[in-house]
Chemist: 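There's a structure below that I have some questions on.
Since this is a predicted model, take the numbers as computed values, not measurements.
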Amino acid sequence: MKLTVTLNGKKIQEEISPDLVLLDFVRAHGCHSVKRGCDTSNCGLCTVFLDGKPVLSCSVLAARAEGRRVDTLEGLQEEAAEFAAFIADQGAEQCGFCNPGFVMNALALFRENPRPTDQEILTYLAGNLCRCSGYEGQLRGIRAFLEWKEGGGRA
C-alpha cells in the first residue's frame, strides 16, 4: 500500500507493508530518537507526535499516519533544546535511553498544560520507563524549566 506522510516537515511517499508499525517506519527514515523498548505500549520510549498529539509508535500502524504529520525529537530540536538542558542539569539523564520519549512527553505536557502541579506532571509522565532514577531529577528539571519560562526565559 502507498503511504503519504509528512515526517518532521518532509513529505514522504512510499510503498509499505500493511502491517508495518509507525516505530519501524520512522526509524527506517533516520529517526533514531524513537526507541524500541517494550513493544507493548508500556514504556514511552517510542513516543512521537501524530498531528501534534503524543502516541506510542510501537502500537500504531504506519498506515494510520496516512496524510498526517509525524514529528519525532529530530524534528523538534529547537523546541526541545532548552528543556533538555534543564533535565541534564539535574543529572536526570544518566544513561540517556529514556530521554527522547521523556522529552517528547514533557513537550506535550507543556503544550497542553503550561502550569502543571507536581502531581499533574507525575501523572502525565507515568508511562515513561526510566530504570536509572526515581524520577526526582526529571521532576526537578521540569520544575526548574517551568520557573525559568515563567520568568521570561532569562538566566
Chemist: Side chains of L129 and C98, heavy atoms from C-beta outward: is any pair under 4.5 Å?
Modeler: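 In short, these two side chains do not touch, never coming nearer than 4.5 Å.
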
Chemist: Quick one: which residue pairs count as a ring-ring contact (aromatic ring centres under 6.0 Å, His included) with a foot in residues 54-78, not counting sequence neighbours?
Modeler: none

Chemist: Is there a path of hydrophobic side-chain contacts, each under 4.5 Å between heavy atoms of I/L/V/M/F/W/Y residues, joining L56 to F49?
Modeler: no

Chemist: Donor-acceptor pairs under 3.5 angstrom involving side-chain atoms of residues 22-29: please list them, not counting sequence neighbours.
Modeler:
unit_1, atom_1, unit_2, atom_2, d
D24, OD1, R36, NH1, 3.0
D24, OD1, R36, NH2, 2.8
D24, OD2, R36, NH2, 3.3
R27, NH1, H32, O, 3.3
R27, NH1, V34, O, 2.7
H29, NE2, E14, OE1, 2.8

Chemist: Show the nearest heavy-atom pair for residues T72 and C31, with the distance to one decimal.
Modeler: OG1-SG, 3.6 Å

Chemist: Side-chain heavy atoms under 4.5 angstrom apart, residues restricted to Ile, Leu, Val, Met, Phe, Trp, Tyr: same cluster for L3 and V60?
Modeler: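 Shared cluster, yes.
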
Chemist: Would R111 and E79 pass as an ion pair if we require N to O under 4.0 Å?
Modeler: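 Salt bridge flag = yes for E79 with R111.
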
Chemist: What I want to find out is whether K2 reaches E66 closely enough, with some N-O distance under 4.0 Å, to be called a salt bridge.
Modeler: no

Chemist: Which residues pass the side chain to side chain contact (heavy atoms under 4.5 Å, CB included) test with R68, sequence neighbours left out?
Modeler: L50, D51

Chemist: Are V48 and F97 connected into the same hydrophobic cluster when the rule is that any two of I, L, V, M, F, W, Y join if their side-chain heavy atoms are below 4.5 Å apart?
Modeler: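 No, F97 does not connect to V48 through the hydrophobic network.
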
Chemist: For L61 and L20: C-alpha separation, side-chain torsions, deciding distance, then whether side-chain contact (heavy atoms from CB on, under 4.5 Å) applies.
Modeler: CA-CA 6 Å; L61 290 173; L20 180 70; over 6 Å; no

Chemist: Determine whether R143 and F86 make a side-chain contact, defined as any pair of heavy atoms from C-beta on separated by less than 4.5 Å.
Modeler: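 Result no, sub-4.5 Å side-chain heavy-atom pair not found.
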
Chemist: Could you go through the side-chain contact (heavy atoms from CB on, under 4.5 Å) check for I142 and F83 one step at a time?
Modeler: CA-CA 8 Å; I142 288 173; F83 169 64; 3.6 Å; yes

Chemist: Which pairs of donor and acceptor atoms, one on a side chain in residues 100-110, lie under 3.5 Å apart (sequence neighbours left out)?
Modeler:
unit_1, atom_1, unit_2, atom_2, d
N105, ND2, T47, OG1, 3.1
N105, ND2, G101, O, 3.2
N105, ND2, N128, OD1, 3.2

Chemist: With a 4.5 Å cut-off on side-chain heavy atoms, are L146 and R115 touching?
Modeler: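 R115 vs L146: side chains apart.
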
Chemist: Run R69 and V5 through side-chain contact (heavy atoms from CB on, under 4.5 Å) and show every step you take.
Modeler: CA-CA 6 Å; R69 179 179 180 87; V5 66; over 6 Å; no

Chemist: Taking side chain as C-beta onward, heavy atoms only, is V21 less than 4.5 Å from S57?
Modeler: no

Chemist: Looking at CD1 of I87 and CD of E82, how far apart are the two atoms once the value is rounded to the nearest 0.5 Å?
Modeler: 13.5 Å

Chemist: Only counting residues at least two apart or in another chain, list the ones meeting side chain to side chain donor-acceptor pair (under 3.5 Å) with Q119.
Modeler: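 Result, side chain to side chain donor-acceptor pair (under 3.5 Å) vs Q119: T123.
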
Chemist: Could you pull out the closest heavy-atom pair between E74 and G30, with the gap in Å?
Modeler: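 Answer, listing the atom of E74 first, then G30: OE2-O, 4.0 Å.
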
Chemist: Could you work out, with side chain to side chain donor-acceptor pair (under 3.5 Å) as the rule, every residue matching Q13, not counting sequence neighbours?
Modeler: T4

Chemist: In the single-linkage hydrophobic clustering (I, L, V, M, F, W, Y; side-chain heavy atoms under 4.5 Å), do V55 and Y124 co-cluster?
Modeler: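 Each belongs to a different hydrophobic cluster.
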
Chemist: Could you give the distance from CG (N99) to NZ (K35), rounded to the nearest 0.5 Å?
Modeler: 8.5 Å

Chemist: With a 4.5 Å cut-off on side-chain heavy atoms, are L139 and Q90 touching?
Modeler: no

Chemist: What do the steps show when you test I121 against N113 for side-chain contact (heavy atoms from CB on, under 4.5 Å), and what is the final call?
Modeler: CA-CA 9 Å; I121 293 168; N113 185 355; over 6 Å; no

Chemist: Are the side chain of E150 and the backbone of E147 linked by a donor-acceptor contact shorter than 3.5 Å?
Modeler: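 Pair absent, no side-chain N/O of E150 close to backbone of E147.
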
Chemist: Return the minimal non-hydrogen interatomic distance between C46 and C58, and the atom names on each side.
Modeler: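 Heavy-atom minimum between the residues: SG-N, 3.3 Å.
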
Chemist: If only atom types and distance count, is the side chain of T6 paired as donor or acceptor with the main-chain N or O of G9 below 3.5 Å?
Modeler: no

